[in-house]
Amino acid sequence: MVPMPASPVRLAAIDIGTNSLRLIVAEAEADGRYRVLDEEREMTRLGHGLFARGRLASEPMERSLAALIKMKVIADGFLVAELRAVATSAVREASNGRAFCQEVRRRCGLRVEIISGEEEAQFVLRSALRHFDLAGRSAAIVDIGGGSMEVTLTAGAVVDEVLTLPLGAVRLTERFDTADTLSPSHWRKLRRGIDRVLDDKLRKPPFHPEIMIGSGGTFTNLAEMAQLEREPAARPVQGYALTRAEVVHLLHRLRATPLAERREIPGLNPRRADIIVAGTAAVARLAKRLDTQQIVVNNGGLRDGLLLAMIADRFPKDAGESARPLKRLDSARAFARQCRSNERHCEQVARLAIQLFDGLAQRFNLPAAARELLEAAALLHDIGYVINHAKHHKHAYHLILNGDLQGYTPRELEIVACVARYHRKAFPSKRHSAYARLESTDRRLVRELAGILRVADGLDRTHTQRITAVTCATHRGFVELTLQAKTDPRVEIWEAERKAGLFVRAFGLEPRFAWVRGAERRQPRLRLAAAS
C-alpha cells in the first residue's frame, strides 16, 4: 500500500530581538517548503538602555508583552499546530531576562526559549543554506541584530568558525552615541571601538570569504537604499548584491546626515534611522577585516531558519533512517566526505594508526575508549584542506568542533579535534588555549594519540597505500615497527621518521622501522634521526 503524502501543517515562529519582535505564520509542506500566511513585526526596543544598566527596563518590557499577546492571538487564529518563540541577545544578557520570560508565560501563555549566540548562528546558517548555493564557495554568514552580531565562516556548507560579537546596532548606538550626525573624531571613536572587538574576537581571519550573506534590518535597509539610488522603483531585496564600496559610500552619507533628514532617505525605515549608522559601520568594518567585496542580502535570517528547523523536526525525510542515527565513525566518514577529503588516504592512515595503537596499548596503558577517538581523528585529519592547505591542521580543529558529529560528547570532540590539529607542525602546548583547557590526563592522551597519528600519516606519504600492515615490538629505549609492503616503502619510512618527534616525546621511545615483503625475513633499515 502506497503511503499517503503528509498533509500541510500550519506553524508559527516568533523572534524576540533586542530591537524588534517578529512573527511568521506559515503552511509547511513535507518537502521543507512553506507558504507564508501572515507576518507581524513590532519595533519595541526591548533592549533600550540594557547595555548601560544590565537590566530590561519596564516600559520596553510592557511594549514587548503587549506585542507578544497580539502575536499569540494571531497565531492561535490560524490554528497553528506549533508556535515556537525564541529570545536572543537582550534577554540572554539581561539580569532580569528569565523573569521577563516568566512574565510572558504568565500573561501570554507562551513559553520563550533563550537561545545562545551559537544556536542563533545555526538558525541563520540554515536559512542561508536553503536560499543560496554555497557549493565550492567560502562565505561569511552574518546576522546583525540590536545587541549582537553572529558570524559563521563556512567553506561550502562546512562550518569553520562561529562567532558572537557584541556589535549589535542598538548596543553600538547607545555606547557611542551615534544616533545623530557624527563628527570626524566621533566617527574615529566608533570605528576604533568596532575594530577592538574584531581584534579581540576575530583576530586574523582564517580565510577571506568570497561573499558575505547578511540578514537583519541593517542589511535589508542598506539594500533598499542602494536599490533606490540605482532604480526608480523598489523590488524585493532577497538576494540583492551590494559591493563593499557601496556600503562604505552609504555609511559616509548616513553619518554626515542629521537624524531628522536621515529619516527622509528613500529606502530607510524612519524608525531605524537612529541605529543605522552604527549597524552599517559594523558591517563595513567586518567586511574590511574579512577582505570580502560582495555582500548579498538574505531577507529570512533567524525566523526563517527557526521555521525551517521546525519543519525538519515535524517532517523527517525518512522516519526509518531518522530512528537509526549514524554510528559514530560513520558520522565521521560522512563529514570527511562532505569536506572532500582524500578518502583512501585517510582510511589508510586510520588503519595504520589503529594498528600502532593496538601494539602500544598494553605497554603504555592506553585507554580502550581512546582507540575509536584516534580512528575518528585519523579519518578527519585532512578535512581542513577544504579551507586551505597551509593551515589545514588548524582548520580541522574548528571544523570538527562545528561539524555536528553524531554520538560524541563535548569532551570527546575536543580530544578528536586536538589530535587532528596536532597531526603536523607545532607540538601540543599550554600556550594553545584549546589544549590548555583540557584536563591533564586528556592532555597526555592527546600527545600520545597525536604522536601515533603523525607516524601513521607519514607511513602513507605517497598516498599510494603501499604499506599493508604494521606491527609493534617495544624494547628498552626503542620500539620496532615492522612494515609489510610489496615494494620498498623507503619514502614512507623517511617521512615517518621525520614526523616521529612527538611520538618520541609522548612515549619516550624512538621508532625503528623494518620492512618485510610477504614471508621474507625482515630487511632492517638504518634509522634516520627523528625530527622534532
Side-chain angles (χ1 to χ4, degrees), residues 158 326-361 364 366-386 389 392-401 403 405-408 411-425 427-428 434-435 442 444-472 481 483-484 489 492 495-496 498-503 506-507 511:
V158 180
L326 288 175
K327 294 181 180 179
R328 299 199 322 172
L329 289 176
D330 289 340
S331 177
R333 287 185 171 93
F335 188 53
R337 195 170 299 119
Q338 185 182 357
C339 296
R340 303 193 298 278
S341 284
N342 182 331
E343 291 184 52
R344 291 178 60 189
H345 168 67
C346 292
E347 290 284 357
Q348 170 74 350
V349 172
R351 280 192 295 271
L352 297 178
I354 289 304
Q355 291 172 11
L356 290 170
F357 180 95
D358 291 344
L360 298 167
F364 292 97
L366 298 178
R371 188 178 191 271
E372 189 178 296
L373 301 183
L374 172 62
E375 188 170 1
L379 292 170
L380 297 167
H381 76 282
D382 274 350
I383 62 173
Y385 278 115
V386 74
H389 170 271
H392 72 269
H393 55 300
K394 293 183 179 180
H395 294 304
Y397 172 84
H398 294 292
L399 291 171
I400 290 168
L401 288 187
L405 293 169
Q406 297 183 21
Y408 295 91
R411 169 187 169 270
E412 290 172 330
L413 275 180
E414 279 283 356
I415 291 172
V416 171
C418 280
V419 173
R421 183 255 187 270
Y422 291 115
H423 83 272
R424 68 192 290 268
K425 295 286 186 178
F427 288 2
Y435 180 72
D442 287 343
R444 175 182 174 182
L445 182 61
V446 165
R447 291 195 300 272
E448 293 170 336
L449 299 185
I452 292 172
L453 180 56
R454 289 190 182 212
V455 172
D457 191 33
L459 291 176
D460 194 40
R461 175 64 181 85
T462 60
H463 287 214
T464 58
Q465 296 76 58
R466 188 189 311 272
I467 295 169
T468 57
V470 56
T471 56
C472 303
L481 304 181
L483 313 177
Q484 293 183 21
E492 284 78 5
E495 184 68 9
R498 188 184 71 82
K499 298 188 68 172
L502 182 57
F503 183 98
F507 297 105

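Side-chain atoms are counted along with the backbone in the values below, which use heavy atoms only and exclude waters and symmetry mates.
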CD on Q465 to CD on E347, rounded to 0.5 Å: 10.0 Å

Specify whether H393 and H423 have parallel, tilted or perpendicular ring planes, treating 30° as the upper limit for parallel and 60° as the lower limit for perpendicular. perpendicular

Contact check, side chains of L481 and V455, non-hydrogen atoms, under 4.5 Å: yes

Within 45° of the ring axis of Y422 and under 6.0 Å from its six-membered ring centre, is that where the NZ or CZ of R454 lies? no

Are side-chain heavy atoms of L380 and L405 found at a separation under 4.5 Å? yes

Side chain to side chain contact (heavy atoms under 4.5 Å, CB included) with T462: which residues, sequence neighbours excluded? T464, R466, V491, E492

Least distance between heavy atoms, A496 atom then L459 atom: CB-CD2, 3.6 Å

Supply the atom-to-atom distance E372 CD to F357 CZ, rounded to the nearest 0.5 angstrom. 11.0 Å

Reported CZ-to-NZ distance for the pair R421 and K394, which is rounded to 0.5 angstrom: 5.5 Å

CG on L360 to CG on L356, rounded to 0.5 Å: 6.5 Å

Residues forming a ring pair (Phe, Tyr, Trp, His ring centres under 6.0 Å) with F503, sequence neighbours excluded: F507

What residues form a side chain to side chain contact (heavy atoms under 4.5 Å, CB included) with Q355, not counting sequence neighbours? L352, A469, V470

N/O donor to acceptor pairs below 3.5 angstrom from side-chain atoms of residues 334-341, sequence neighbours left out:
unit_1, atom_1, unit_2, atom_2, d
R337, NE, E343, OE1, 3.4
R337, NE, E343, OE2, 3.2
R337, NH2, E343, OE1, 3.4

Can you tell me how far apart CG (L413) and CG (L373) are? Round to the nearest 0.5 Å. 9.0 Å

Which residues pass the side chain to side chain contact (heavy atoms under 4.5 Å, CB included) test with A350, not counting sequence neighbours? E375, A378, L379

Charged N to carboxylate O below 4.0 Å: is that the case for D457 and K499? yes

In the structure I gave you, are the side-chain heavy atoms of I467 and D460 within less than 4.5 Å of one another anywhere? no

P428 side chain reached by L502 side chain, heavy atoms, under 4.5 Å: yes

Which heavy-atom pair separates A456 from V349 by the least distance, and what is that distance? CB-O, 3.7 Å

Is any NZ, NE, NH1 or NH2 atom of the basic residue among R411 and E414 found under 4.0 Å from an Asp or Glu carboxylate oxygen of the other? no

Measure the CZ-CG distance between R371 and L366 for me, rounded to the nearest 0.5 Å. 11.5 Å

Show your working on ring-ring contact (aromatic ring centres under 6.0 Å, His included) between H392 and H389 and close with a plain yes or no. CA-CA 5 Å; H392 72 269; H389 170 271; 5.7 Å; yes

Using side chain to side chain contact (heavy atoms under 4.5 Å, CB included) as the criterion, list what pairs up with H398, not counting sequence neighbours. D160, N402

